[in-house]
Novice: 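Input: one structure, supplied below.
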Amino acid sequence: MQFASALTTQQDPATAGLDLSQRIRGQLNGRRPDLALLFVSSHYVEQIEDLLSHIRLELNPRVLIGATGEGVLAGAEEIEEAP
């Protein structure tokens, strides 16, 4: 099973979605993910639909699940209380 993870601090949902998608596609060698788990800070709550639409458009995962959190981890990076 192949997996990938990425983190972005971009505040604009379109830029964040593109940034994440490019990082993930690079790790998956361009393959479409079967499952995408998106964890976002509460800073994106009002823009979540826009962010989700960019993730769907760019990555086209078969299943997309998302949640908000105060801390977000990806690889060796951790962001707390920030977008």
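As the structure is a computational prediction, the values presented were derived from the model and not from experiment. The figures that follow rest on heavy atoms only: side chains count, while hydrogens, waters and symmetry mates do not.
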Novice: Measuring from Ser41:OG to Glu80:CD, what's the distance to the nearest 0.5 Å?
Specialist: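 Taking OG in Ser41 and CD in Glu80, the distance rounds to 11.5 Å.
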Novice: Could I get the full list of side-chain hydrogen bond (donor to acceptor under 3.5 Å, both in side chains) partners for Asp12, not counting sequence neighbours?
Specialist: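 Here the qualifying residues are Thr15.
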Novice: For residues Val63 and Phe39: do they belong to one hydrophobic cluster (side chain heavy atoms under 4.5 Å, members Ile, Leu, Val, Met, Phe, Trp, Tyr)?
Specialist: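 Yes, it is one cluster - the side chains of Val63 and Phe39 are joined through contacts under 4.5 Å.
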Novice: Output every pair passing salt bridge (Lys or Arg N to Asp or Glu O under 4.0 Å) with a member in residues 38-49, not counting sequence neighbours, ordered by first then second residue.
Specialist: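 For residues 38-49, and leaving out neighbouring residues, there are no salt bridge (Lys or Arg N to Asp or Glu O under 4.0 Å) pairs at all.
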Novice: Sequence neighbours left out, what pairs pass salt bridge (Lys or Arg N to Asp or Glu O under 4.0 Å) with at least one residue falling in residues 34-44?
Specialist: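 Qualifying pairs: Asp34-Arg62.
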Novice: Looking only at heavy atoms, what is the nearest atom pair of Gln27 and Gln2, with distance?
Specialist: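 So the minimum-distance heavy-atom pair works out to O-NE2, 3.1 Å.
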Novice: Tell me, do Arg25 and Glu58 make a side-chain contact under 4.5 Å, heavy atoms counted?
Specialist: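 Arg25 reaches Glu58 side chain to side chain.
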Novice: Spell out, yes or no, whether Leu37 and Phe3 are grouped together once hydrophobic residues are joined by side-chain heavy atoms under 4.5 Å, including indirect joins.
Specialist: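 Leu37 does not cluster with Phe3.
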Novice: Who are the side-chain hydrogen bond (donor to acceptor under 3.5 Å, both in side chains) partners of Arg56, not counting sequence neighbours?
Specialist: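 Partners of Arg56 by the side-chain hydrogen bond (donor to acceptor under 3.5 Å, both in side chains) criterion come out as none, since no residue qualifies.
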Novice: Take atom CD of Gln11 as the centre, draw a 6.0 Å sphere, and report whether it contains more than 12 heavy atoms from other residues, nucleotides or ligands.
Specialist: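 No, CD of Gln11 has 12 or fewer neighbouring heavy atoms, counting only those of other groups under 6.0 Å.
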Novice: Considering residues at least two apart in sequence or located in another chain, which fulfil the side-chain contact (heavy atoms from CB on, under 4.5 Å) criterion with Asn60?
Specialist: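 Asn60 satisfies side-chain contact (heavy atoms from CB on, under 4.5 Å) with Arg32 only.
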Novice: Tell me every residue that passes side-chain hydrogen bond (donor to acceptor under 3.5 Å, both in side chains) with Thr8, counting only those two or more places apart in sequence or in another chain.
Specialist: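 Result, side-chain hydrogen bond (donor to acceptor under 3.5 Å, both in side chains) vs Thr8: Asp19.
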Novice: Other hydrophobic cluster members with Tyr44, side-chain heavy atoms of Ile/Leu/Val/Met/Phe/Trp/Tyr under 4.5 Å, chained?
Specialist: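 Grouped by the 4.5 Å side-chain rule, Leu20, Ile24, Leu28, Leu38, Val40, Ile48, Leu51, Leu52, Ile55, Leu59, Leu64 form the rest of the cluster around Tyr44.
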Novice: What side chain to side chain donor-acceptor pair (under 3.5 Å) pairs are there with at least one residue in residues 64-78, not counting sequence neighbours?
Specialist: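 Applying side chain to side chain donor-acceptor pair (under 3.5 Å) to every pair that reaches into residues 64-78, excluding sequence neighbours, yields nothing.
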